[in-house]
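One structure below.
Just so it is clear: chains get the letters A, B, ... in the order the sequence lines come, proteins before strands, and each one is counted from 1.
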Amino acid sequence: MAENPNPTRMELLKAKTRVKLARKGHKLLKQKRDALVLEFFKILGKAQDLRTDLNTRMRGAYGSLAVAQAYHSMQEIESASLAVKRAPGVHVEVRNIMGVKIPVLETSEPKKPLLTRGYSIVGTSAKIDEVADSFEHVLDLIFKLSETENGIRRLILEIEKTKRRVNSLEFVMIPRLESQAKLISFRLEEMERDSFVMLKTIKRKLEKNAEEKKSAA
Amino acid sequence: MADNKEKIAVIADSATCTGFRLAGIEHTFALTGTEAEAKISELLGDESYGIIVVSERMVEGCDWRLKKRIEATAKPVVVAIPDSQGPIEQEESLAKLIKRALGVDLTKKK
């Protein structure tokens with residue numbers, strides 16, 4: 001894309017196709033941006049306050065862990081924790097929204113009734129149950145959070161990028177290409193007028209010459 | 001449904017690991033520093049893991065290349081959680097990002 005293109009018909013055609021292409025790209029990117037924003041608002045409703053909720057829950061969980069540690073020894077808690085079975089399962093699927101990959105989770109409930117946890121309830125106290133309970137709760141929140149927070153972050157970055165592209169096309173690229181096409185067409189017209197005038201002058205001169213010859217003869 | 005379940009991993013300090021083990025997570029790694037980084041990058045490439053729970057402090061201390069990889073991967077998902085010392089301020093909060101991208105502060109309205 002030269003700043004001063006040759007004023008030829010070929011270049012004019014090229015510039016015109018470039019403008020057309022840029023317009024098409026602009027339209028597509030605009031649609032992409034709108035779709036992304038739509039998706040973003042869908043997720044945003046779910047994501048609200050999850051993070052702060054997690055932070056407070058986490059603090060509570062650590063608190064109960066500390067209490068349990070005070071009642072039992074760390075080893076006892078460790079051994080109880082090693083006995084816990086049945087890991088909660090997740091199924092992560094990746095959804096693709098306009099090139100942005102967003103995780104979608106399918107989870108089973110992480111909460112378990114007391115007796116199915118795996119460690120013996122005889123050897124442990126309710127404090128350990130509390131810890132398990134609160135961490136299960138935290139886990140539940142983490143599932144929700146992982147789906148929304150990462151997705152939102154990625155969506156936002158993509159929205160920003162797309163927006164910048166749309167704007168640069170709309171306000172820089174397309175006007176520049178258009179002015180280039182205009183410049184070429186002006187130059188072409190100018191050249192046409194030039195040659196037209198030249199032809200006229202030559203014709204007039206030729207006629208004059210012919211007349212002079214006639215009158216001389 | 002039972003076959004296509006992905007594993008959950010926790011990489012954090014030992015207290016956090018114990019807590020999550022009580023919640024039923026088998027794959028907990030009480031690591032710090034470069035060992036934790038190596039583990040994270042190893043698990044990021046493992047398709048059998050669905051979620052990796054990492055403590056915030058660990059993510060903050062990571063190499064920027066690894067951080068970028070964490071942000072870019074959708075599966076497994078990496079979730080940062082506060083560790084036993086409490087949450088830390090995130091440098092780029094979601095609200096700020098939203099405001100920059102859309103020009104409106106959506107989180108404050110509600």
field: Distance, nearest 0.5 Å, that separates CD1 of B:I81 from CD1 of A:I142
entry: 5.0 Å

message: Take a 6.0 Å sphere around CZ of A:R193 and say whether it holds more than 12 heavy atoms from other residues, nucleotides or ligands.
response: yes

statement: Scored by heavy-atom pairs under 4.5 Å with chain A, the best of B:V10, B:T16, B:V78 is B:T16

query: Within a radius of less than 6.0 Å around CZ of A:R187, do more than 12 heavy atoms belonging to other residues, nucleotides or ligands occur?
result: no

message: Is it true that, when you exclude B:K39 itself, more than 12 heavy atoms of the residues, nucleotides or ligands shown sit nearer than 6.0 Å to its NZ?
response: yes

- request: Quick one: which of A:K163, A:E160, A:R154, A:R164 has the most heavy-atom pairs under 4.5 Å with chain B, could you say?
  value: A:R154

